[in-house]
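Working notes, beginning with the structure itself.
Side chains included, hydrogens not; waters and symmetry mates left out as well; all remaining heavy atoms used.
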Amino acid sequence: MCGISGFINIAQKAVDQNVLNKMLEVQHHRGSDSKGIYYNTTVGFAHNRLSLLDLSSAGNQPFEDEQFVLKYNGDVYNFKELKSELPESISYRSSSDTEVLFNALIYWWVDKTAQKLKGMYDFSWYEKRSNDLYLMRDRIGIKPLFYSMDSNHTFFFASEIKALMQVIDEKPNPFKVLYSSFGVLERARKETAWDRIFQVEPGTYLKIDSSGIKETKYYTVFDTVDEKEYNH
């Protein structure tokens, strides 16, 4: 299952590392095999790992090199096919789909990789040099991913809302809670019962940088419909 969480302050202000510890601990149940943190004062990521494909420490996260940091939750069904499409010169230290995804994002970048992925997943992808953060959710939204921005321009995200509630001061909107009794929120793609907490929509990725949040839709169910065949 795994759990991901993290933050980036788009105003380049320092954020206490204890923020990561709080989110990490509250999502312990999502992955008890290992805990991992990446922190550089204005950016931080935490990962609760549930080991499935590669049980060794080589598959621990955050997965990083000198330029990129990946935190990933889920299962990329076609990772072996993607690995065969990547250059043979790439060397791997694990048998995990995480490492294949890491190299795919470097080789094809975000948008093209999104078109190739099949599975249930969400992940964060951070480029150290540009200070750009990407969040992506699978095509139909099987894996949950929530985010919020506080008054200090810190963008937070996590697999569960209760992790965000550890680090932001936010109360449910009573009117939204009322509507939830009719099942409205359960069918929502972006909204939650909190005014400042949102979901990354299915088939969507966000780019977070100094200019704010940009949303890109990489998949809709209509992409699978053959218009000519449908009309026929």
Side-chain angles (χ1 to χ4, degrees), residues 2 4-10 38 43-45 47 53 61-92 94 96-149 155-159 188-191 198-227:
C2 298
I4 65 174
S5 54
F7 67 83
I8 180 169
N9 186 282
I10 62 175
Y38 170 87
V43 178
F45 308 119
H47 187 265
L53 293 177
Q61 298 182 48
F63 211 94
E64 67 171 301
D65 62 12
E66 67 280 355
Q67 189 172 352
F68 301 104
V69 184
L70 171 68
K71 279 202 307 50
Y72 156 68
N73 165 38
D75 188 357
V76 175
Y77 303 149
N78 63 332
F79 80 96
K80 291 183 179 179
E81 289 82 356
L82 295 179
K83 187 175 182 178
S84 69
E85 293 179 34
L86 290 167
E88 294 182 0
S89 58
I90 296 175
S91 60
Y92 295 85
S94 75
S96 67
D97 55 349
T98 305
E99 188 168 12
V100 174
L101 176 58
F102 185 85
N103 284 293
L105 286 164
I106 293 173
Y107 187 70
W108 290 308
W109 201 238
V110 177
D111 191 61
K112 189 173 181 180
T113 300
Q115 302 304 320
K116 290 177 171 286
L117 293 177
K118 297 178 182 179
M120 53 179 185
Y121 52 82
D122 53 42
F123 61 83
S124 69
W125 176 247
Y126 176 63
E127 186 176 11
K128 298 177 183 178
R129 293 174 187 171
S130 65
N131 198 40
D132 293 341
L133 173 66
Y134 295 83
L135 296 182
M136 185 181 294
R137 191 177 179 196
D138 64 69
R139 296 185 179 193
I140 59 175
I142 299 174
K143 292 298 183 180
L145 189 55
F146 302 92
Y147 66 92
S148 184
M149 182 88 78
F155 176 94
F156 294 99
F157 67 92
S159 296
R189 297 170 62 84
K190 186 172 183 177
E191 297 295 322
F198 304 95
Q199 304 179 69
V200 177
E201 292 192 53
T204 300
Y205 67 81
L206 307 182
K207 180 183 179 183
I208 303 93
D209 59 22
S210 58
S211 63
I213 303 169
K214 180 183 178 182
E215 186 176 79
T216 299
K217 196 77 174 174
Y218 70 86
Y219 173 85
T220 70
V221 68
F222 300 108
D223 295 337
T224 63
V225 177
D226 185 323
E227 185 177 357

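At least one side-chain heavy atom of L101 sits under 4.5 Å from a side-chain heavy atom of L70. Using a 4.5 Å heavy-atom cutoff, the side chains of K190 and T204 are not in contact. In this structure the side chain of V69 never reaches within 4.5 angstrom of the side chain of V43, judged on heavy atoms. Using a 4.5 Å cut-off on side-chain heavy atoms (C-beta onward), F198 and L206 make no contact. Counting heavy atoms from C-beta outward, V76 and F123 have side chains that stay 4.5 Å or more apart. With contacts defined as side-chain heavy-atom distances shorter than 4.5 Å, the pair F146/S148 does not qualify.
Counting non-hydrogen atoms of other residues, nucleotides and ligands closer than 6.0 Å to CD1 of I142 gives a total above 12. Other residues, nucleotides and ligands place no more than 12 heavy atoms under 6.0 Å from the CD atom of E88. In the displayed structure, K80 atom NZ is contacted under 6.0 Å by at most 12 heavy atoms of other residues, nucleotides or ligands. Residue-environment remark: NZ (K118) stays at or below the threshold of 12 foreign heavy atoms within 6.0 Å.
With rounding to the nearest 0.5 angstrom, the OG atom of S94 is 5.0 Å from the CZ atom of F63. Rounding to the nearest 0.5 Å gives a distance of 9.5 Å between CG of N103 and CH2 of W108. The CG atom of D122 sits 7.0 Å away from the CG atom of D138 when rounded to the nearest 0.5 Å. Rounding to the nearest 0.5 Å gives a distance of 4.5 Å between NZ of K217 and CD of E201. Distance CE/M136 to OG1/T216: 9.0 Å, rounded to 0.5 Å. Between the NZ atom in K207 and the CG atom in D132 there is a gap of 4.5 Å [rounded to 0.5 Å].
Here the options are I208, L133, I10, the test is side-chain contact (heavy atoms from CB on, under 4.5 Å), and the partner is I213; only I208 passes. Among E66, Q67, E64, the one residue that satisfies the side-chain hydrogen bond (donor to acceptor under 3.5 Å, both in side chains) test with K128 is E64. Checked options Y218, F157, W109; the residue passing with Y134 is W109 (criterion: ring-ring contact (aromatic ring centres under 6.0 Å, His included)).
For the pair P202 and G141, the tightest heavy-atom approach, listed with the atom from each and the gap, is CB-N, 3.5 Å. Minimum interatomic distance between L105 and V110 (heavy atoms only, all atoms of both residues): CD2-CA, 4.0 Å. Nearest approach of K143 to M120, heavy atoms of both residues: CG-C, 3.8 Å. R189 and R137 get closest at one heavy-atom pair: O-NH1, 4.3 Å.
Ring-plane geometry between W125 and F68 is classed as parallel, the angle between the planes falling under 30 degrees on a 0 to 90 degree scale with a further cut at 60.
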V200 and Y147: CA distance, side-chain angles, deciding distance, side-chain contact (heavy atoms from CB on, under 4.5 Å) verdict: CA-CA 7 Å; V200 177; Y147 66 92; 3.7 Å; yes

T98 and F79: CA distance, side-chain angles, deciding distance, side-chain contact (heavy atoms from CB on, under 4.5 Å) verdict: CA-CA 9 Å; T98 305; F79 80 96; over 6 Å; no

Pair D209-I8, side-chain contact (heavy atoms from CB on, under 4.5 Å): steps then yes or no: CA-CA 9 Å; D209 59 22; I8 180 169; over 6 Å; no

Criterion side-chain contact (heavy atoms from CB on, under 4.5 Å) on L145 and I4, from CA distance to verdict: CA-CA 9 Å; L145 189 55; I4 65 174; 3.9 Å; yes

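Ring pair Y121/Y72: centre-to-centre distance not below 6.0 Å.
Under a 3.5 Å cut-off, the side chain of S124 and the backbone N or O of L135 do not form any donor-acceptor pair. Within the 3.5 Å criterion, the main-chain N or O of S210 finds no donor-acceptor partner in the side chain of N131. With hydrogens and angles ignored, the 3.5 Å screen pairs a side-chain donor or acceptor of Q199 with a backbone N or O of E191. The backbone N or O of D111 sits nowhere less than 3.5 Å from a side-chain atom of T113 that would complete a donor-acceptor pair.
In this structure, K71 fails the cation-pi test against Y38, since its NZ or CZ atom is not both closer than 6.0 Å to the six-membered ring centre and inside 45 degrees of the ring normal.
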